[in-house]
Engineer: 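One structure, pasted below without further comment.
Worth knowing before you read on, the calculation uses all heavy atoms, side chains too, and leaves out hydrogens, waters and symmetry mates. First the proteins, then the strands, lettered A, B, ... as listed; each starts at 1.
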Amino acid sequence: MQLHNTASGRKEPFEPLDPKRVTMYVCGPTVYSYAHLGNARPAVVFDVLARVLRHRYPRVLYARNITDIDDKINAAARAEGVDIGVLTSRYAAAYHEDLAALGVAPPDFEPRVTQYIPQILAMIRRLIDSGHAYEAQGHVLFHVPSYPDYGQLSRRDPRELLAGARVEVAPYKKDPGDFVLWKPSPPELPGWDSPWGRGRPGWHIECSAMAEAVLGETIDIHGGGHDLVFPHHENERAQSTCAHGGKLFARFWVHNGFLTDRGEKMAKSVGNVRLVRELLKHAPGEALRLALLSGHYRQPLEWNDEVIADARRKLDRLYGALRDAGDLAPAHEAQAPQEFVEALEDDLNTPAALAVLFELARALNKSEDAADKARLAGRLRAAANLLGLLQQSPQAWFAWKPANAEVPTPQEIEASIARRAAAKKAKDYAEADRIREALKARGVLIEDVPGGTRWRLADG
RNA sequence: GGCUCGGUGGCAGAGUGGUCAUGCAGGGGACUGCAAAUCCCCGUACGUCGGUUCAAUUCCGGCCCGAGCCUCCA
């Protein structure tokens, strides 16, 4: 398997440290609002990576955290006048719902920062004791010059970081690059007692502490969005490496690219985010998932309505092939084609893998032999499963409708189809076509096939 | 300014030193009462200027254009 490693800037052969225990840690959301597509992309991408790893290795430990203490959370909770726990549980639950709709399987571990405060304090203690951190005015700061490799992950020269610095340097910092591990909390804000006073963790230490607690000191893969490379992952790497006496923290750093909106990145700071739950009102989650996988994970992905419509038509084709194959596929015995697996194992080349899916669909459509069709359908399902796609019945796919959509009930549709069949039998084609057009006007498309007529709801 | 990534046919989007990506849209044909679905066929695609090479979209260099990061962010 090949994986692009941000640390080296190139694709490298991936071999886990221990093939019997592959570890992956991915930075999850800070839960103070509903998830937008930018949050969904890494969730989907690393879900696929986890599936591919599980296909190859017997045991994969995948951790994706939830950050449930942070200044933005504090601000949002205060604005609503509720405890931060109320706010974070609400948005964590919403996050789970949204990801489930996108076919994202739960990770093996989902640590929350507020449940790992002791581990965070212990790690800070170790960093102070080993001379990598110091206390200043109620803060504990990581001392960047104490870690000579600082800047290596993001290819940055620490001396030059100051040049473009956009923030004022706090007067208590020994070095302008030093960053906070622990910061004081005033009485009105959430806080925990510590040897350095009541406070809360800085932004980066949580992931270091939780990755260590859940997966160990050296992990195989550390993932997240590309914007986390600096400062978040650079700082995590510094903390973890120093807290572990110089031991390698993450062997592979994997980062997904941004979603873009008319060429510009989709981000809260830009104000052009699309909420997953809003999009789910107008399109099936599986279509959103396919759209997110239709480009390579490291490339920017332009998002618009056409991308979604395109994904729906692709799924129409794939499910159409499965529907024509009937339900005779012994999926559990089927294997994904080698070519498909190789595409995914080549740095998660999902577009190339999808191409194999369409080749299977074409072969399936062409095949006349029942056993052959069953075999191909099984392979198609098995392959798609690695992408988290095609796991529902074609009937369910073609019956999807937007929330609150006004479409006829299946009973009404069947009744219309029966009347049309009678008209056809009587060679009253004008009446038959009139019924078909009437259904079409109400969002129902029908197709005559040998042995009857089937229907589906239009993508509109 | 520093550091990264990109520019592929109408659109989306892989990839490769010399035969195919793939999907959608479009054109033609088969099938169909007509459609739809499906199948078959089709379109001088690789930003630009040079270099290396028998051969460059692919390798190298310059240029143009775009995006991202440089302590809020997936």
Engineer: Test of understanding: with ring-ring contact (aromatic ring centres under 6.0 Å, His included), list the residues that count as partners of A:Tyr147, not counting sequence neighbours.
Structural biologist: none

Engineer: Under 4.0 Å, counting only non-hydrogen atoms across every strand here, what does A:Gly38 touch: a base, just sugar-phosphate, or nothing?
Structural biologist: base

Engineer: The criterion is side-chain contact (heavy atoms from CB on, under 4.5 Å); which residues satisfy it with A:Val270, sequence neighbours excluded?
Structural biologist: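 With sequence neighbours excluded, A:Val270 shows a side-chain contact (heavy atoms from CB on, under 4.5 Å) to A:Glu264, A:Lys265, A:Ala267, A:Asn272, given in chain and number order.
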
Engineer: Without decimals, in angstroms, what is the distance between A:Asp324 CG and B:A37 C1'?
Structural biologist: 7 Å

Engineer: Within the structure shown, what part of the strands sits under 4.0 Å from A:Asn349 by heavy-atom distance: base, sugar-phosphate, or nothing?
Structural biologist: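 Sugar-phosphate contact only - A:Asn349 comes under 4.0 Å of backbone atoms but never of a base.
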
Engineer: Tell me whether the centres of the aromatic rings in A:Trp253 and A:His233 are closer together than 6.0 Å.
Structural biologist: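 That pair passes the under 6.0 Å test.
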
Engineer: Name the closest nucleotide to the A:Pro351 side chain, picking from B:U22, B:A37, B:G13.
Structural biologist: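 In terms of side-chain proximity for A:Pro351, the closest of B:U22, B:A37, B:G13 is B:G13.
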
Engineer: Could you tell me whether A:Asp71 and A:Lys183 have a side-chain N and a carboxylate O separated by less than 4.0 Å?
Structural biologist: yes

Engineer: Can you measure A:Asp428 atom CG to B:C34 atom C1' for me and round it to whole angstrom units?
Structural biologist: 13 Å

Engineer: B:A74 phosphate, OP1 or OP2: any side-chain N/O from A:Asn256 under 4.0 angstrom?
Structural biologist: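 False: A:Asn256 side-chain N/O out of range (4.0 Å or more) of B:A74 OP1/OP2.
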
Engineer: By the 4.0 Å heavy-atom rule, please label A:Phe258 as base, sugar-phosphate, or nothing.
Structural biologist: base

Engineer: Nearest to the A:Glu447 side chain among B:C39, B:A36, B:C69, which nucleotide is it?
Structural biologist: B:A36

Engineer: Check the distance between B:U71's C1' and A:Lys173's NZ and give it to me in whole angstrom.
Structural biologist: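 Going from NZ in A:Lys173 over to C1' in B:U71 covers 7 Å.
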
Engineer: What is the nucleic acid contact for A:Gly263, judged by heavy atoms within less than 4.0 Å: base, sugar-phosphate only, or nothing?
Structural biologist: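 Sugar-phosphate only.
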
Engineer: Quick one: the side chain of A:Asp448 and the base of B:C34, do they pair up donor-acceptor inside 3.5 Å?
Structural biologist: yes

Engineer: In plain terms, say whether A:Arg313 and A:Asp316 are close enough for a salt bridge, that is, a side-chain N and a carboxylate O under 4.0 Å apart.
Structural biologist: no

Engineer: Can you confirm whether more than 12 heavy atoms, excluding those of A:Arg274, are under 6.0 Å from its CZ atom?
Structural biologist: no

Engineer: How far does the P atom of B:U57 sit from the matching atom of B:A45, given to the nearest Å?
Structural biologist: 12 Å

Engineer: Any chance you could measure A:Leu439, atom CG, to A:Ser416, atom OG, to the nearest 0.5 Å?
Structural biologist: 4.5 Å

Engineer: Nearest-Å distance, CZ (A:Phe340) to P (B:U22)?
Structural biologist: 17 Å

Engineer: In whole angstrom, give the distance that lies between atom CG of A:Leu457 and atom P of B:A36.
Structural biologist: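 Taking atom P of B:A36 as the reference, CG of A:Leu457 is at 19 Å.
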
Engineer: Starting at the 5' end of RNA chain B, which residue's closest nucleotide do you reach first, A:Ala40 or A:His296?
Structural biologist: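 Closer to the 5' end of RNA chain B: A:His296.
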
Engineer: Run the ring pair (Phe, Tyr, Trp, His ring centres under 6.0 Å) test on A:Tyr297 and A:His255 for me, step by step, so that the C-alpha distance in whole Å, both residues' side-chain angles and the decisive distance to 0.1 Å come before the verdict.
Structural biologist: CA-CA 8 Å; A:Tyr297 78 92; A:His255 294 100; 9.7 Å; no

Engineer: Spell out yes or no: do the side chain of A:Lys268 and the base of B:C72 have one donor N/O and one acceptor N/O closer than 3.5 Å?
Structural biologist: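 A donor-acceptor contact between them is absent.
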
Engineer: Measuring only the C1' atom in each nucleotide, how far is B:U58 from B:G47? A whole number of Å is fine.
Structural biologist: 15 Å

Engineer: Scan A:Leu259 against the nucleic acid and name what it touches under 4.0 Å (heavy atoms): base, sugar-phosphate only, or nothing.
Structural biologist: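 Answer is base: heavy atoms of A:Leu259 come under 4.0 Å of a base.
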
Engineer: Under 4.0 angstrom, heavy atoms only, what part of the nucleic acid is A:Leu445 near: base, sugar-phosphate, or nothing?
Structural biologist: nothing

Engineer: Work out how far the P atom of B:U16 is from that of B:C73, and round it to whole angstrom.
Structural biologist: 35 Å

Engineer: When you compare B:A35 with B:G29, how far apart are their P atoms, in angstrom units rounded to a whole number?
Structural biologist: 12 Å

Engineer: Regarding A:Lys72, tell me which of base, sugar-phosphate or nothing describes its non-hydrogen contacts under 4.0 Å with the strands shown.
Structural biologist: sugar-phosphate

Engineer: If I pick the P atom on B:U48 and the same atom on B:U8, what distance separates them, to the nearest angstrom?
Structural biologist: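 Rounded to whole Å, the distance is 11 Å.
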
Engineer: For A:Gly28, which contact category applies under a 4.0 Å heavy-atom criterion: base, sugar-phosphate, or nothing?
Structural biologist: nothing

Engineer: Atom CG of A:Leu290 and atom P of B:G13: how far apart are they, to the nearest Å?
Structural biologist: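 Roughly 13 Å, once rounded to whole Å.
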
Engineer: Write down the distance separating the P atoms in B:C65 and B:U52, rounded off to the nearest Å.
Structural biologist: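 Approximately 27 Å lies between the P atom of B:C65 and that of B:U52.
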
Engineer: Mind checking if A:Arg420 touches a base, just sugar-phosphate, or nothing, with heavy atoms under 4.0 Å?
Structural biologist: base

Engineer: Need one value for A:Lys265: base, sugar-phosphate or nothing, where a base atom within 4.0 Å counts as base even if backbone is also close, heavy atoms only.
Structural biologist: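 Base contact.
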
Engineer: Might you list the N or O atoms of the protein lying below 3.5 Å from N or O atoms in nucleotides 24-27 of chain B, with each pair's distance?
Structural biologist:
{"from": "B:C24", "atom 1": "O2'", "to": "A:Arg313", "atom 2": "NE", "distance (Å)": "3.1"}
{"from": "B:C24", "atom 1": "O2'", "to": "A:Arg313", "atom 2": "NH2", "distance (Å)": "3.0"}

Engineer: What do the steps show when you test A:Tyr91 against A:Tyr34 for ring pair (Phe, Tyr, Trp, His ring centres under 6.0 Å), and what is the final call?
Structural biologist: CA-CA 6 Å; A:Tyr91 289 117; A:Tyr34 290 113; 5.0 Å; yes

Engineer: Within the supplied structure, the quantity of interest is the number of heavy atoms (other residues, nucleotides, ligands) at a distance under 6.0 Å from A:Arg277 CZ; does it exceed 12?
Structural biologist: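 Yes, CZ of A:Arg277 has more than 12 neighbouring heavy atoms, counting only those of other groups under 6.0 Å.
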
Engineer: Step through it carefully: locate the ring centre of A:Phe179, locate the ring centre of A:His204, and say whether they are under 6.0 Å apart.
Structural biologist: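 Yes, close enough.
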
Engineer: If you measure from the Lys or Arg side-chain nitrogens to the Asp or Glu carboxylate oxygens, is any gap between A:Asp346 and A:Lys11 under 4.0 Å?
Structural biologist: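 Salt bridge between A:Asp346 and A:Lys11, a charged N being under 4.0 Å from a carboxylate O: yes.
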
Engineer: Taking CG from A:Leu292 and P from B:A12, how many angstroms apart are they, rounded to a whole number?
Structural biologist: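 Those two atoms, CG and P, are 17 Å apart.
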
Engineer: Determine, for A:Arg436 against A:Glu447, whether the closest basic-nitrogen to carboxylate-oxygen distance falls under 4.0 angstrom.
Structural biologist: no

Engineer: Can a donor-acceptor pair be found, under 3.5 Å and without considering hydrogens, that links the side chain of A:Glu12 to the backbone of A:Gln2?
Structural biologist: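 The answer is no, because no donor-acceptor pair under 3.5 Å joins these two groups.
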
Engineer: Check the distance between B:A37's C1' and A:Leu322's CG and give it to me in whole angstrom.
Structural biologist: 15 Å

Engineer: Could A:Asp70 and A:Arg200 be called an ion pair, given the rule that one side-chain N must be under 4.0 Å from one carboxylate O?
Structural biologist: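 Looking at A:Arg200 together with A:Asp70, the answer is no, because their closest N to O distance does not fall below 4.0 Å.
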
Engineer: Using a 4.0 Å heavy-atom cut-off, does A:Leu37 contact any base of the nucleic acid, only the sugar-phosphate backbone, or nothing at all?
Structural biologist: nothing

Engineer: Give A:Ser269 one of three labels, base, sugar-phosphate or nothing, depending on what nucleic acid heavy atoms sit under 4.0 Å from its own.
Structural biologist: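 The answer is base, as A:Ser269 lies within the cut-off (heavy atoms under 4.0 Å) of a base atom.
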
Engineer: With C1' as the reference atom in both, quote the distance from B:G7 to B:G15 in angstrom, rounded to an integer.
Structural biologist: 15 Å

Engineer: Do the side chains of A:Lys424 and A:Asp448 get close enough for a salt bridge, i.e. N-O under 4.0 angstrom?
Structural biologist: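 Judged by the 4.0 Å cut-off on N to carboxylate O distance, A:Lys424 and A:Asp448 do form a salt bridge.
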
Engineer: Between A:Leu49, A:Val254, A:Leu3, which is the residue that forms a side-chain contact (heavy atoms from CB on, under 4.5 Å) with A:Asp347?
Structural biologist: A:Leu3

Engineer: Counting only side-chain heavy atoms from C-beta out, which of B:A37, B:C39, B:G2 sits nearest to A:Lys366?
Structural biologist: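 From the listed options, B:C39 comes nearest.
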
Engineer: With a cut-off of under 6.0 Å to the ring centre and 45° to the axis, is A:Lys314 in cation-pi contact with A:Phe358?
Structural biologist: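 No, A:Lys314 does not sit over the ring of A:Phe358.
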
Engineer: Counting side-chain heavy atoms from C-beta on, which of B:A21, B:C40, B:A37 comes nearest to A:Glu359?
Structural biologist: B:A21

Engineer: Contact list please: residues 431-438 of chain A against RNA chain B, heavy atoms, distance less than 4.0 Å, in numerical order.
Structural biologist: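 Of all residues in residues 431-438 of chain A, the ones placing a heavy atom under 4.0 Å from RNA chain B are A:Asp433, A:Arg436.
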
Engineer: Between protein and nucleotides 4-8 of chain B, what N or O pairs are separated by less than 3.5 Å?
Structural biologist:
none

Engineer: Would you sketch RNA chain B in dot-bracket for me? Only Watson-Crick or G-U wobble pairs with both distances under 3.5 Å count, crossing pairs as [ ], other-strand pairs as |, the rest as dots.
Structural biologist: (((((((..(((.....[...))).(((((.......)))))....(((((..]....))))))))))))....

